[in-house]
Structure formats: C-alpha cells, structure tokens
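Presented below is the structure to which this report refers.
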Amino acid sequence: MECYRGKSVGKGIAIGKLFFYRKKERQAVRKESADTEGEIGRYRQARTKAVGELKALYEKALREVGEVGAAIFETHQMMLEDPDFVTAIENIIVSQKVNAEYAVTAAGKNFYQMFSDMEDEYFRERAADVGDVTDRLLDALEGKEEREQVPEEPVILAAEDLAPSETVQMDKGRLLAFVTELGSSNSHTAILARTMNIPAVSGIAVRPEWDGRTAVVDGYSGVLYIDPEQETLEKMQRRLEEDRRQVQLLASLKGRESVTKSGRKILLYANIGGVADVASALANDAEGIGLFRSEFLYLEKDDYPREEELFQAYKAVAEMMGGKRVIIRTLDIGADKQAGYFRIPREENPAMGLRAIRICLERPEVFKTQLRAVFRAGVYGNLAVMYPMITSVEEVRQVRKLADQVKAELSEEGIAFAHMEQGIMIETPAAALISDALAKEVDFFSIGTNDLTQYTLAIDRQNPALDKYYDPHHPAVLRLIGEVIQNGHREGCLVGICGELGADTSLTETFIRMGIDELSVSPSRILPVRQEILRTE
C-alpha cells in the first residue's frame, strides 16, 4: 500500500480504479506565411467557434452546477475577446509573418507567464484559465471537436491539473473523485468539485503508472491510498456506507423546522450566486435566501448590466422563493472578484483596497442603478437589501441617503417599489468593534466570517501557503462574533452568519449559545446544519 497526503478540497470518500488523465501535448510549430490576412481570418474564425463552444459550456454548467460554477465560462469568453490578447495574437501574425497556431501559442505562453508571475494568488490561478483558453483556440484552429473523455466505468481521475472546461465536459456519472497535483482550495476546479459533491484532493504529485490501480480517496483528511491493504479498504468502505446512511437520514429532515430541543427557532437560509441556484436552495429545503451574491450578475457581463436585467433577475428569485425572505447583497466587486470593464486600478493589496461598498460610493450612478432594480423587485416578494464591507457609521448614512434618493426618484416617476429592511455585512474588525453604534442605523446584521477571519488574523485567505495559519476558530474571531450578536440584539437587530463558518457544524451549538438568529449556508449544507440545530438544547 502507498499513502500520499495532500490537501482536501472536496469532502467525501471514494473507492475505485485510478484513471490518469493525460493532457494533450502540443508543440509550437512555426510556419512562415506571407498570407497574413488569411491567417488572421483563420484565427478570427477559430475564435468565433471557441466563443460558441464556451456559450454551450456555460449553459451545460448552469444546468449541472449552478450559476456560480458556470461563471468561469463567461470569464473565458471575456479572455478570448480581450483586446490585449486579440491584439497580441494578430500582431505576432503580421510582424513575424507566421501561422495562426504559432501566434496563438506564443501569445498564450506570454499571458500565462504574466499571470503566473503576479503576486496576488487569485490572479496567479487565472494562469490556468489562460492555458485553457489557448488550448480551446488551438483545437478550433486544428478542427478538433472533442477532448479526451474518461472511461465508461466510474473512476478516480488523477491529473496534474484540470481546467474548468475539462471538468464540466466530463460525464459526472463516471467520476468518483479528483486527485490533482496543482490547484488550491479556491481554484475553479475545486469549487466545481464541491458543487458536484465529489471528493477531491490536491497537492499530490500524480504518476502515469498509477493508471488502472485500485485507490481510495479520503476527501475528509486529504489522503490518497494506492492499492490499499484489506484493513484500510474495509475501514473506508464502512465510512462510505456511513456517508450514504447520513444522506438518507438528512433527507428525512426535509420539511422540519430548524428548532432546538428547548424550542428556539433558528432561521436556516441558503447562499446563492444567481437565479439558477434557487432550485438547489429549494431542493435542500432552505427557509429563505440569506445571501444573494449579486456581483455574479456583473462578473458574467462584459459591460455594466442594465437596470432591467438586474430587476428581472431579482424579481425571478423573489417569485421563485414564494414569499420566503431573500436578502440581496449589493455589488461586492473588487479584490478577488474583478470585472475588466470596471477598470479598477491595479493595487498592491486589493483585499484592502477599492472594493464592495467603497466602489459603490465612489460610483453612485452604478450603485443607484442596482438599488432601483432591488427596490422595484421588492414588490414581487419578501426582499431585504444588505451592504457589504462596511467599516463606519458614516458609510451607512451615505448609503441610506442614496437609497432614499432612489426611492424618491422612483416615486416621482410613478414606478412601484417596496420599502424593505436594510442591513449590513459585518466582515471587518472595525465594524465588529463599533457594532453597537452600527446597530442603531440598520435593521439587521449578517456576519461574513470569511473576510472577518482574514482581516482579524491578517491572513490572505486566497494564499494557499497560509492555509495552516488561517484559523476561523481562533478565539479572537469567535469573541468578535459574540460581541456583534450582543450589540445587535441590544438595538433590536436580527443577527445572522453567512460566511463559511455558518456551515461548520462543530460550531453550531456555540453560535446558538451566543444567541445567533440566522445561519445562511450553501444549499448542500442546509440539512446537516439543521440536524445539528435539532440536537442542540
């Protein structure tokens, strides 16, 4: 038996045969061509074909993994049509008088290296996206229609790395687990693995000679076993059976209220990224939407979305939730979520820079467009609005002033709108420490534990090298959460948690003892959290 320890990026146990996924090996074959117009024409035709493929992939991913998982293919389309990338390819064809394949390969390598050399971890991981886009262009130029598929039988797929498009195109019924050498817990493939509920481990140097051998993936502890001993195999089979029984048990919790043994009701909501994710929230019996990440409606566009587009999306979610509460977080762009058309200046530390509510206050017309759509959609359901990255009372007052202006304008125009509750995200130590003052200004708090942990511990959560220092259970983080709950309740504010910590069942009882009113988690975590609530006194 061989045992390899990596990093867990997708929970669960998988037992089966390994399949080593071999990437296509390409050589940049340089061919002289005096017909530069013809080569540019070939390139442009290939780009059009590739864009069409990405649109089809987006629709497929939307059906299978939801809007958040599908958003990467909108990003790839934007990369293909990026003026700098397009110009680089066409300049190489013209200046060097070479074939389109060589120009695409050369430009792709340059952009790949540019992203790889960036300090910010998020942008370094986009290098893999550049490679994926380059491969797609080359496939289109070479007339290739399909990429390598997994075998007919279900397998544990091992690869140096997996591009998001490769992951989505694979038959999910044939995938037991992923094992990759590259990719952090925040890579697109890791996110897709979690969305698909597939065990996944990264950080293991995979080998071609493993192909066909029996393996076990322990996605809980991040361990891969090759040719496991009988004792290990039996132990993992028992854990796999326990997982299956747990799924059946959780299904029996649908339709039950999330109430503690002492009779205290906890609101159990879902986090979503768009309209397509509502189906998963309802299927998992969400009692409402605690976090609608509205920025994905911006990230999937190549220009600012119109008010009507935003309104229709918010209206659809409100109607689909049938009167259940839906909290729309306003635009949280910046840091690790970038849209090129915003033209946010490059920053040394974007996590601490121009982002979220700061951008909205700097660009009031963009913000007011979104607020108009939110208030209009409120007529069709039980909506509330929430503002991210608040650090001061003055920011809240500026936001409320803009919201009042929007409602006054809608009233003057004779457009129906709703007066809804307005709340804020508590995701900085500054906001937590003045939460007593902030509570006087708003109707509710939602604690964003991901950023609160990052800023409290001074750790970039996008940097995998710091994973061992990133401790969301740190006493300082828990103390701040407790203080926010107490301060909010003194002023009559409902207080919830919408970060990853809300789904951590080892802390559910702690949060209930602190007095938390609401937990908002990814749809797949609703029933496990409900089970823990029902067990708590």
Counting distance only, does the side-chain N/O of [X] pair as donor-acceptor with the main-chain N or O of [Y] below 3.5 Å?
X    : Y    : value
N450 : G499 : no
S8   : S221 : no
S411 : K407 : no
R400 : E441 : yes
D443 : G423 : no
D129 : H76  : no
R264 : G515 : yes

Taking only distance into account, with no hydrogens and no angle test, what donor-acceptor pairs under 3.5 Å do side-chain atoms of residues 280-288 form with protein atoms, sequence neighbours excluded?
residue, atom, partner, partner atom, Å
N284, ND2, S280, O, 2.8
D285, OD2, G255, N, 2.6
D285, OD2, R530, NH1, 2.6
E287, OE1, K265, NZ, 2.9
E287, OE1, L268, N, 3.1
E287, OE2, S258, OG, 2.8
E287, OE2, K265, NZ, 3.2
E287, OE2, R530, NH2, 3.1

Using every non-hydrogen atom in the two residues, find where [X] and [Y] come nearest and quote the distance to one decimal.
X    : Y    : answer
S446 : I497 : OG-C, 4.3 Å
I434 : S392 : CD1-CA, 3.9 Å
L534 : V259 : CD2-O, 3.2 Å
E365 : T369 : O-OG1, 2.9 Å
I516 : I266 : O-CD1, 3.6 Å
T260 : T536 : CB-O, 3.3 Å

With the side chain counted from C-beta on, respond yes when [X] and [Y] share a heavy-atom pair under 4.5 Å apart, and no when they do not.
X    : Y    : answer
Y269 : E518 : yes
F417 : H419 : yes
Y314 : Q370 : yes
V374 : M420 : yes
D277 : I289 : no
F367 : V399 : yes

**Message:** Other residues, nucleotides and ligands only: do more than 12 of their heavy atoms fall within 6.0 Å of CD on Q398?
**Reply:** yes
**Q312 atom CD, neighbour heavy-atom count above 12 within 6.0 Å** = yes
**Request:** Go through the steps for V9 and F178 under the test side chain to side chain contact (heavy atoms under 4.5 Å, CB included), then give the verdict.
**Result:** CA-CA 9 Å; V9 293; F178 294 136; over 6 Å; no
**Request:** List the steps and the verdict of side chain to side chain contact (heavy atoms under 4.5 Å, CB included) for I526 and V521.
**Result:** CA-CA 6 Å; I526 289 171; V521 300; 3.8 Å; yes
About how many Å separate [atom2] of [Y] and [atom1] of [X], when rounded to the nearest 0.5 Å?
X    : Y    : atom1 : atom2 : result
I390 : E395 : CD1   : CD    : 5.0 Å
F292 : M321 : CZ    : CE    : 11.5 Å
I481 : L507 : CD1   : CG    : 8.0 Å
D218 : K11  : CG    : NZ    : 9.0 Å
T330 : M425 : OG1   : CE    : 10.0 Å
L80  : T75  : CG    : OG1   : 11.5 Å

**Request:** Decide side chain to side chain contact (heavy atoms under 4.5 Å, CB included) for F444 and D517; before the verdict, give the C-alpha distance in whole Å, the side-chain angles of both, and the deciding distance to 0.1 Å.
**Result:** CA-CA 10 Å; F444 64 92; D517 301 300; over 6 Å; no
**Asked** Would L501 and F511 count as a side chain to side chain contact (heavy atoms under 4.5 Å, CB included) if you check the C-alpha gap in whole Å, the side-chain angles of each, and the deciding distance to 0.1 Å?
**Response** CA-CA 10 Å; L501 220 52; F511 292 145; 4.0 Å; yes
**Request:** May I ask you to say whether E483 pairs ionically with R479, meaning some side-chain N is under 4.0 Å from a carboxylate O?
**Result:** no
**SB check E295 R329 (cutoff 4.0 Å)** = yes
Which atom pairs, donor and acceptor, lie under 3.5 Å between side-chain atoms of residues 375-389 and protein residues at least two apart or in another chain?
residue, atom, partner, partner atom, Å
R376, NH1, E307, OE2, 2.8
R376, NH2, E308, OE1, 3.3
Y387, OH, Q422, OE1, 2.6

